Amino acid sequence: MQRQRADSAEEDVHSDLVISLTQAVLGGTAKVKGIYEDHLLTIPSGTQSHERFRLSGKGIKRVHSSGYGDHYVHIKIAIPRRLTKEQKALVAAFAETETVTGGTVNGTTSAGKDKRTVADDPDDVLLRIRQALSSKSAAAPQPAAAAAAPSQTAGSSEETKEAKTEPKKETKKGTKKGTKAETETGTETGAKTETDTTKTKSKRGG
């Protein structure tokens, strides 16, 4: 779902993009309807509601100057109102694993410092999820280098993030071609010239 509006002051365009809870948490892509063409927006994992992404040069064509305005995409996260018993059990299992930051969660009780537990599990769905998680944790090997692995840093804290879109195949070909031409001109020719110069000096020295 997307709602689009133009900026009266400039040639920029603003639109709201509704994404799912799993898209926000895990990341993914979403189609954005543009002024002249549609775009496939890359959604980073951990995207927050009301976060803003900029599609540079994808706005309205400027009237009194060259170029185009920008397209700003405002993220809205759709929280499901109805869950199946399996989905509810999965969310409850997540509630038991997350660190308590304050307040309460319906259906859970305190289980010590920074922990919650869910007591109501009539169909034993949550119990099976717990068992599956504990068996996988016990079976998974613990590499020695895991403790020394550097922690990931958080993403940009800027209000507006430069959006990433999936490029078309034509754009990829053009980029590869341009890169190749630059490499052939800069590196290979330079190496050849340097070799020729060395050979000339060697002949003169002989």
Side-chain angles (χ1 to χ4, degrees), residues 1-4 14-34 38-55 71-167:
M1 183 185 295
Q2 184 180 350
R3 185 178 62 183
Q4 199 171 80
H14 294 260
S15 62
D16 295 335
L17 178 65
V18 179
I19 63 175
S20 69
L21 177 63
T22 51
Q23 283 178 311
V25 174
L26 302 177
T29 59
K31 188 177 180 180
V32 177
K33 187 173 181 60
D38 294 339
H39 312 285
L40 196 61
L41 178 68
T42 299
I43 303 169
S45 59
T47 294
Q48 304 296 311
S49 187
H50 303 289
E51 201 161 337
R52 189 171 72 171
F53 294 90
R54 183 178 68 175
L55 298 170
H71 186 160
Y72 292 90
V73 181
H74 302 259
I75 299 297
K76 311 291 182 184
I77 300 175
I79 304 299
R81 296 178 181 274
R82 294 181 178 85
L83 298 173
T84 65
K85 64 180 181 180
E86 290 81 7
Q87 290 173 328
K88 189 173 182 179
L90 287 169
V91 176
F94 177 77
E96 289 186 340
T97 60
E98 71 175 344
T99 303
V100 177
T101 56
T104 62
V105 175
N106 291 344
T108 66
T109 56
S110 176
K113 184 180 179 182
D114 299 336
K115 294 292 181 183
R116 299 188 184 101
T117 185
V118 179
D120 187 17
D121 186 25
D123 298 318
D124 292 334
V125 179
L126 180 57
L127 176 62
R128 292 195 294 272
I129 293 173
R130 288 194 193 109
Q131 292 172 343
L133 291 175
S134 61
S135 62
K136 283 191 174 183
S137 298
Q142 299 295 330
S151 58
Q152 294 183 352
T153 55
S156 174
S157 59
E158 296 178 356
E159 182 184 357
T160 304
K161 294 184 178 180
E162 194 68 25
K164 294 181 180 179
T165 55
E166 297 293 331

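Small disclaimer: the values here were computed from a predicted structure and weren't measured.
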Yes or no on side chain to side chain contact (heavy atoms under 4.5 Å, CB included) for His71 and Val32, after CA distance, side-chain angles and deciding distance?
CA-CA 10 Å; His71 186 160; Val32 177; 3.9 Å; yes
From [X] [atom1] over to [Y] [atom2], what is the distance, rounded to the nearest 0.5 angstrom?
X	Y	atom1	atom2	result
Asp121	Leu127	CG	CG	6.0 Å
Thr117	Arg130	OG1	CZ	5.0 Å
Thr84	Leu90	OG1	CG	8.0 Å
Leu41	Ile19	CG	CD1	8.5 Å
Phe53	Thr42	CZ	OG1	9.5 Å
Thr47	Leu26	OG1	CG	10.5 Å

Any chance you could lay out the side chain to side chain contact (heavy atoms under 4.5 Å, CB included) test for Val118 and Lys88, step after step, and finish with the verdict?
CA-CA 11 Å; Val118 179; Lys88 189 173 182 179; over 6 Å; no
So, His50 versus Lys76: side-chain donor-acceptor pair below 3.5 Å or not?
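Yes, side-chain donor-acceptor contact under 3.5 Å.
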CA sep, side-chain torsions, deciding dist, call: Arg82, Gln87, side chain to side chain contact (heavy atoms under 4.5 Å, CB included):
CA-CA 9 Å; Arg82 294 181 178 85; Gln87 290 173 328; over 6 Å; no
Taking all non-hydrogen atoms of both residues into account, name the closest pair between [X] and [Y] and its distance.
X	Y	value
His39	Leu55	CD2-CD1, 3.9 Å
Ala89	Leu126	O-CD1, 3.5 Å
Ile77	Ser49	CD1-N, 3.4 Å
Arg116	Gly103	NH2-O, 4.5 Å

As a test of understanding, state which of Asp16, Leu17, Val18 forms a side-chain contact (heavy atoms from CB on, under 4.5 Å) with His74.
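Only one of Asp16, Leu17, Val18 forms a side-chain contact (heavy atoms from CB on, under 4.5 Å) with His74, namely Asp16.
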Under 3.5 Å, side chain of Gln48 to main-chain N/O of Gly46, donor-acceptor pair present?
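Yes; judged by distance alone, with no hydrogens or angles, the pair exists.
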